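Working notes, beginning with the structure itself.
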Amino acid sequence: MDLQINSFEDYKRVYEYSVAEPEKFWAGIADTFTWRKKWDKVLNWNFTEPNIRWFEGAKLNITENCLDRHLETLGNQPAIIWEPNDPEEDHRVLTYKQLHDKVCQFANVLKNNGAQKGDRICIYMPMVPELAIAVLACARIGAIHSVVFGGFSAQSIADRIQDASCSLVITSDGAFRGGKEIPMKSVIDDALVRCPSVKKVIVLTRSRTPVSMIKGRDAWWEDEVKKVETMGNPDCPAEEMDAEDMLFILYTSGSTGKPKGVVHTCGGYMVYTGYTFANVFQYQPGEVYFCTADIGWITGHSYIVYGPLSQGATSLMFEGIPTWPDAGRLWNIVQIHKANILYTAPTALRSLMGFGLDPVIGKDLSSLKKLGSVGEPINEEAWHWFDDHIGHNKCPIVDTWWQTETGGIMISPIAGVTPTKPGYATLPLPGIQPILVDENGKEIEGNDVSGNLCIRYPWPGMLRTTYGDHERCRTTYFATYENLYFTGDGCLRDADGYYKITGRVDDVLNVSGHRLGTAEVENAINMHANVIESAVVGYPHDIKGQGVYAFVVCPEKHGTDESTRKDIVMTVSRIIGPIAKPDKIQFVSGLPKTRSGKIMRRILRKIAEGDTSNLGDTSTLLDPAVVTEIKEGRI
Ligand code: WTA
């Protein structure tokens, strides 16, 4: 069976095959990777425990697939092109050979510092090539990386380090982001007060921000590299990993409690990210691929590091932000590096649209061939702006729907091959079997229907567990509907059978493409000394997609309403991080609750959205009068 997809007809044929013969299909894809030993069985699974095992018995190391196997043919090709935050600073290019050497070198640094296969290593770094090097060096020696996004607070980092009992932390002195300098090491120092498991901290020099270096615990990246250089042998043989050994943990927000550590394993994740990258973007040798995500999120893991590198692509990574020094920055980067593929987020597009066309005019975007969008629903206006002004109506836009838990792209057009439709993720990729269900888990068949999106068959990139708490994995994803993986997203399938993701149906917000649990934000707000209770909901926000609206019960304030609001925002920033700051805080005397004490979020959501005409039946509330007060106090 030929698995190449060059036309819509090919797609239909391969898709049908992948459903009829999933194990044969995935074995065919997996055959294109390098294994130390091939699998005994392609797939073993059940969604009840759940227990999912792909390529059982196979042995590999993902970095041999991302680096070693390219050395002969692509050794001198750029693997990573790095564009710094400050356009005045020189960009850097690392060829596959150079990246291989640096990964081996740093893998030896990790070993020298006591790291072993199976250890958990927390990485908290800016978007510099050394971040990718650190990630790959962990994978090289079989250590499990847990990357924490730079926008999280010390408290959030500490929670994540403790949850996984990390023994080592890799960070930098500071970070540049737009006009700001962020004291990374200092944040880590605050976190580590609560993390006795951490024995070593390796600190990269980036910003020369003054830092405290603790004897015996902290070491400079550059000094450690020098040590291994003087030891002679620069090579670091890759650790042989079982296909189902853990590759990494990535924490993500859910509808309840604290973030959970989504676990991905070596074999399946490698096959899935490599295949989807090559297929969705129809990557051609020599193309420059630019993904604007941060490696702190799943998009960066799968589509800056592992996916592109396993396919021998040139991955362009950017340290800064789209609006600094001005709103033309992304277009300058495309022009300078002649990027052929641009993969970005709707929130970035919407914020750039706000600056009008001046920053785009005169920029040479003629190198672009394919565009992609990820992280949240893309509204039609942003889709058309992307198509008209960036792609000049000649670049297919792939609107890629997926999740941290899915490891890679699930529903998406295939660039230039399958049709696109503004606002639609369109069709499932080969191997993916989506299903829509109603609240009772009954399948909604046919077209022109809406429901909750589930997946009914395993795919290699899916999560295997949530770290240290398998039961949480089961209840969150596999217990809502029997024998189905539940995504948490609502979805419609139109008359043509195309899928459009309509947003989360659980208590998860998607703010600028970042996932936040409402309970998580409420817990943080409630930490403020005067707050008795709070309820957080999302509301439509022009740029962020969703904004955070907090209803807060705080009868005794220290200072004015305005200063208390600022204090609450600061509290949230300390507890979770700046990314979770509420956009609006309304003080209320009470929250609408049912007689059993459950907060009626539906009502609060409607008020936050400004749709107060029909709030439904409020007579069952404990105190219906509070609704009138909240309605009138809306901001
Ligand atoms: C949302 C990001 C609509 C969705 C890769 C999902 C999308 C959540 C799209 C996962 C898209 C992601 N269209 N919604 N193309 N892509 N989402 O884990 O609600 O950060 O459940 O993974 O983002 O966010 P996460």
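The first residue in the sequence is number 1, and the count goes up from there. A quick note: this is a predicted structure, and the numbers were derived from the prediction, not measured. Note that ligands are numbered from 1 as they come in the structure, with each ligand's atoms numbered from 1 the same way.
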[X] N/O to ligand 1 N/O under 3.5 Å:
X	result
Thr487	no
Thr252	no
Thr299	no
Ser373	no

Atoms of ligand 1, numbered as shown, that sit under 4.0 Å from any heavy atom of [X]:
X	answer
Val374	5 (C)
Asp399	11 (C), 13 (N), 15 (N)
Ile501	3 (C), 14 (N)
Asn510	1 (C), 23 (O)
Thr400	9 (C), 11 (C), 15 (N), 16 (N)

Taking the six-membered ring for Trp, are the ring centroids of [X] and [Y] within less than 6.0 Å of each other?
X	Y	value
Tyr481	Phe486	yes
Tyr457	Trp459	no
Tyr499	Trp401	no
Phe318	Trp82	no
Phe478	Tyr485	yes

Item to check | Six-ring centre of Tyr549, Lys584 cation under 6.0 angstrom, axis tolerance 45° | outcome: no

Checklist entry - So, is the end of the Arg493 side chain (NZ or CZ) under 6.0 Å from the ring centre of Tyr498 and within 45° of the ring's axis? => result no

Checklist entry - For ligand 1, which part of Asp489 has a heavy atom less than 4.0 Å away: the side chain, the backbone, both, or neither? => result side chain

Next on the checklist: Looking at ligand 1, is there an atom of it that comes within less than 4.0 Å of some heavy atom belonging to Trp297?
Outcome noted: no

Item to check | Gly375 heavy atom under 4.0 Å from ligand 1 | outcome: yes

Item to check | Shortest protein contact, atom 13 (N) of ligand 1 (heavy atom only) | outcome: Glu376 O, 3.4 Å

Next on the checklist: A quick test of your reading: do over 12 heavy atoms of other residues, nucleotides or ligands sit less than 6.0 Å from NZ of Lys442?
Outcome noted: no

Next on the checklist: Under a 3.5 Å cutoff, is there a donor and acceptor pairing between the side chains of Glu49 and Asn46?
Outcome noted: yes

